[in-house]
Amino acid sequence: MQHIDFDLDQGHDFVELNQLLKLVGIADSGGQGKAIVASGAVTVDSAVELRKTAKIRAGQTVRIDDVEIRVVTAAG
């Protein structure tokens with residue numbers, strides 16, 4: 001399984017799920033990210049997430065196929 005740590009920018013409490021997929025390179029665009037989420041292929045903290053713009057916060061883990069994305073703050 002591939003592990004990616006995504007640093008949440010200072011001053012931001014969350015990143016939208018479809019944008020997260022774009023920012024880490026899983027999706028080529030936010031629109032493609034929305035389609036991936038809508039397909040039911042994404043889990044957040046082990047639960048299937050169908051909300052395309054779900055707010056993903058530091059401490060949460062997103063999984064798609066064999067990729068795990070851990071959302072962290074710049075401070076750790």
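Owing to the predicted nature of the structure, the values given are computational and were not obtained by experimental measurement. Computation of the quantities below employed the complete heavy-atom set of this structure, encompassing side-chain atoms and omitting hydrogens, waters and symmetry-equivalent molecules.
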Review point. Can you tell if the side chain of Leu23 reaches within under 4.5 Å of the side chain of Phe6, non-hydrogen atoms only?
Key: yes
Check your understanding: What distance do Asp65 atom CG and Ile26 atom CD1 have between them, rounded to the nearest 0.5 Å?
Key -> 8.0 Å
Study note, to complete from the structure: When every non-hydrogen atom of Ala27 is compared with those of Gly33, the smallest separation belongs to CB-N, 3.6 Å
Review point. Would you say Val37 and Leu21 make side-chain contact, with heavy atoms under 4.5 Å?
Key: yes
Practice item. State, to 0.1 Å, how close Gly30 and Asn18 come at their nearest heavy-atom pair, and which atoms those are. Key: O-ND2, 3.4 Å
Point to revise | Rounded distance (nearest 0.5 Å) linking atom CD1 of Ile64 with atom OG of Ser39 | key: 6.5 Å
Check your understanding: Is there a donor-acceptor contact under 3.5 Å from the side chain of Gln19 to the main chain of Val15?
Key -> no
Exercise for review: Heavy atoms only: give me the nearest Ala38-Lys52 pair and the separation to one decimal.
Suggested key: CB-CE, 3.8 Å
Check your understanding: Heavy atoms, side chains only, cut-off 4.5 Å: are Val71 and Thr61 in contact?
Key -> no
**Study point:** Any Val42 side-chain heavy atom under 4.5 Å of Val48 side chain
**Key:** no
Practice item. Taking the side chain as every heavy atom from C-beta outward, state whether Arg63 and Met1 have any pair of such atoms under 4.5 Å apart. Key: yes
Review point. Tell me, do Lys22 and Asp28 make a side-chain contact under 4.5 Å, heavy atoms counted?
Key: no
Review point. How many angstroms lie between NZ in Lys55 and CG in Asp13, if you round to the nearest 0.5 Å?
Key: 9.0 Å
Revision key, fill the gap. Between Val72 and Ala58 the two heavy atoms that sit nearest each other are C-CB, 4.3 Å
Review point. Within the side chain of Asp45, is there an N or O that forms a donor-acceptor pair under 3.5 Å with the backbone of Gln60?
Key: no
Practice item. Would you check if Ile4 and Val67 make a side-chain contact, meaning some heavy-atom pair closer than 4.5 Å? Key: yes
Check your understanding: Ignoring hydrogens and geometry, is there a side-chain-to-backbone donor-acceptor pair from Glu49 to Arg51 under 3.5 Å?
Key -> yes
Review point. Just how far is it from atom CD1 of Ile56 to atom CG of Leu20, taken to the nearest 0.5 Å?
Key: 7.0 Å
**Study point:** Other residues, nucleotides, ligands: >12 heavy atoms within 6.0 Å of His3 NE2
**Key:** yes
Revision key, fill the gap. dist Asp5:CG -> Leu8:CG (nearest 0.5 Å) comes out at 12.5 Å
**Study point:** Any side-chain heavy-atom pair of Thr43 and Val62 under 4.5 Å
**Key:** no
